[in-house]
Amino acid sequence: MQAWQVHRNGEPREVMTLADTARPEPGPGQVRLKVRAADVNFPDALLCRGQYQVRPPLPFTPGVEICGETEDGRRVLATTALPHGGFAEYALADEARLLPAPDALDDAEAAALHIGYQTGWFGLHRRAHLQAGETLLVHAAAGGVGSAAVQLGKAAGARVIGVVGGPDKARVAGELGCDLVIDRRETDLVAAVKEATGGKGADVVYDPVGGDAYTKSAKCVAFEGRIIVVGFASGTIPAPALNHALVKNYSILGLHWGLYAVKDPASIGACHAALTELAAKGAVKPLVSGRVPLAEAADAVQRVADGTTTGRLVVLPEGVAA
């Protein structure tokens with residue numbers, strides 16, 4: 001089979017190599033899946049750079065989530081068992097963690113429903129307890145993680161303010177359903193949020209960016225607001241001023257989705273059932289901005305690493321890019 005392999009750490013475009021390899025052999029509790037679609041995630045770039053919390057042995061195949069097909073023909077979603085990731089014709093996954101792919105979504109959309117939407121659902125509902133009528137501020141609203149949070153926020157009945165960088169991403173955020181879009185390059189974020197909320201601020205902040213995004217969020221979060229720390233795509237991990245959280249009465253909530261699979265596995269299935277229902281109603285539909293053949297996977301990962309994409313890029317090992 002064909003598979004992308006990383007033999008040394010560095011930028012994805014420089015270290016990912018397409019090679020002919022043997023199909024991976026499942027270990028205990030694992031299953032081999034034919035890859036129908038592999039979603040590109042920022043963690044794939046971090047894996048290539050050697051900066052992710054998990055460091056698989058070299059060489060490894062990146063691609064942390066897929067829509068795959070079992071040997072008996074079932075269409076499933078899976079997080080892959082590294083080092084045998086999804087940017088290949090076949091990947092490995094833990095059989096106990098397979099989820100049925102929603103009928104309402106095609107392969108590319110289904111692959112993109114998994115980690116990003118589960119992260120959004122757990123963040124907004126289990127951690128922040130977002131309520132209908134509240135104001136949700138989403139950073140990187142046109143990106144893969146942010147776009148999921150925008151759709152989930154709207155589905156929950158929240159008023160959504162999307163923060164983006166540049167006019168193209170602003171257009172995408174508007175099309176996703178944001179009630180207000182703020183281009184951080186052109187507008188004072190803190191002033192705009194306070195103006196839009198009558199001085200109150202955002203009830204919930206969804207932050208996959210970190211750095212300056214977090215700093216500004218703390219300046220415009222509401223009384224008893226909640227800031228959900230999802231990731232640090234900016235490359236800068238902020239150092240929260242806890243005295244500030246004390247005097248303004250807001251909460252800082254960490255969210256590591258992978259822990260739910262370890263600490264509360266049943267919650268993953270319940271979340272997937274909720275997302276499948278939302279997809280069936282048309283309330284959520286992953287924004288797939290590009291479908292690329294396997295041969296272009298390294299370039300796709302690099303584009304996500306560089307922050308130039310909107311929505312999700314999805315690799316189709318069958319080679320049909322639409």
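A salt bridge (Lys or Arg N to Asp or Glu O under 4.0 Å) check over residues 120-130, counting only residues at least two apart or in different chains, returns the pairs R126-D264.
The CZ atom of R226 sits 7.0 Å away from atom CG of L130, with the distance rounded to the nearest 0.5 Å. With values rounded to the nearest 0.5 angstrom, D39 atom CG is found 12.5 Å from T79 atom OG1. One distance of note links CG of N41 with CD1 of I115; it measures 5.0 Å at 0.5 Å rounding. Note: Q151 CD to L176 CG = 6.0 Å, rounded to the nearest 0.5 Å. Here NZ of K219 is found 8.0 Å from NE2 of H244. Values are rounded to the nearest 0.5 Å. Atom CZ of R32 sits about 9.0 Å away from atom CE of M1, to the nearest 0.5 Å.
Minimum heavy-atom separation, L124 to A149: CD1-O, 3.8 Å. When every heavy atom of G174 is checked against every heavy atom of V181, the shortest pair comes out as N-CG2, 3.8 Å. In terms of heavy-atom proximity, T61 sits nearest to A88 at CG2-CB, 4.2 Å. The heavy-atom pair separating L255 from Y260 by the smallest distance is CD1-CE1, 3.8 Å. Pairing each heavy atom of G211 with each of S234, the nearest pair is N-OG, 3.6 Å. D207 approaches A213 most closely through the heavy-atom pair OD1-CB, 3.9 Å.
With H139 as the fixed residue, the side chain to side chain contact (heavy atoms under 4.5 Å, CB included) test singles out one of I182, V205, I161, V145: V205.
Between C67 and L77, some side-chain heavy-atom pair lies under the 4.5 Å cut-off. P265 has its side chain out of reach of R97: every pair of non-hydrogen atoms, C-beta onward, lies at least 4.5 Å apart. Counting heavy atoms from C-beta outward, K200 and T135 have side chains that stay 4.5 Å or more apart. Residues T70 and L98 form a side-chain contact, since some pair of their non-hydrogen atoms from C-beta on lies under 4.5 Å apart. Looking only at side-chain heavy atoms (C-beta outward), R312 and L287 stay at 4.5 Å or farther from each other. For the pair F122 and I228, the minimum side-chain heavy-atom distance is 4.5 Å or more. The shortest distance between side-chain heavy atoms of D44 and V64 falls below 4.5 Å. Residues C220 and L137 are in side-chain contact: their nearest non-hydrogen atoms beyond the backbone lie under 4.5 Å apart.
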Using the rule given for side chain to side chain contact (heavy atoms under 4.5 Å, CB included), can you reason through K216 versus V163, listing the C-alpha separation, both sets of side-chain angles and the distance that settles it, and then say yes or no?
CA-CA 11 Å; K216 291 182 177 177; V163 182; over 6 Å; no
Determine, stepwise, if the pair Q53 / H256 fulfils side chain to side chain contact (heavy atoms under 4.5 Å, CB included).
CA-CA 11 Å; Q53 55 258 44; H256 173 33; 3.6 Å; yes
Walk me through whether D106 and V288 qualify under side chain to side chain contact (heavy atoms under 4.5 Å, CB included).
CA-CA 11 Å; D106 66 22; V288 179; 5.7 Å; no
Given the rule in the side chain to side chain contact (heavy atoms under 4.5 Å, CB included) test, do F87 and V6 qualify, once you have shown the distances and angles that lead to the verdict?
CA-CA 11 Å; F87 300 142; V6 175; over 6 Å; no
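Under the 4.5 Å side-chain heavy-atom criterion for Ile, Leu, Val, Met, Phe, Trp and Tyr, L82 and L18 are members of the same hydrophobic cluster. Hydrophobic clustering keeps V229 apart from L259 (ILVMFWY residues linked when any side-chain heavy atoms are closer than 4.5 Å, directly or through intermediates). No chain of hydrophobic side-chain contacts below 4.5 Å, direct or via other Ile, Leu, Val, Met, Phe, Trp or Tyr residues, connects V76 to V315. Connection of V138 to V209 is not established within any shared hydrophobic cluster, with ILVMFWY side chains joined at heavy-atom distances below 4.5 Å, either directly or through further cluster members. Transitive grouping of hydrophobic side chains (ILVMFWY, heavy atoms separated by less than 4.5 Å) brings L152 and V230 into a common cluster.
Here the side chain of Q302 pairs a donor or acceptor atom with the backbone of R13 at under 3.5 angstrom. Without hydrogens or angle criteria, T215 side chain to P238 main chain gives no donor-acceptor distance under 3.5 Å. Side-chain N or O atoms of S289 include one that pairs as donor or acceptor with a backbone N or O of T310 at under 3.5 Å. The backbone N or O of Q2 lies less than 3.5 Å from a partner atom in the side chain of E89, making a donor-acceptor pair. Using a distance-only test at 3.5 Å, with no hydrogens or angles considered, no donor-acceptor pair links the side chain of T187 to the main chain of R184. Under a 3.5 Å cut-off, the side chain of Q118 and the backbone N or O of I268 do form a donor-acceptor pair. Under a 3.5 Å cut-off, the side chain of W4 and the backbone N or O of L294 do form a donor-acceptor pair. Distance alone, capped at 3.5 Å, places no donor-acceptor pair between the E224 side chain and the A222 backbone.
Side-chain rings of Y90 and H84 stay apart, their centers remaining 6.0 Å or farther from each other.
For K154, the NZ atom counts as densely surrounded, since its 6.0 Å shell holds more than 12 non-hydrogen atoms of other residues, nucleotides or ligands. Within a 6.0 Å sphere centred on CD of E195, heavy atoms belonging to other residues, nucleotides or ligands number 12 at most.
A salt bridge does not link D179 with R159: every distance from a Lys NZ or Arg NE/NH1/NH2 to an Asp or Glu carboxylate oxygen is 4.0 Å or more. Ion pairing between a basic and an acidic side chain is recognised when a charged N comes within 4.0 Å of a carboxylate O; R49 and E11 show such pairing.
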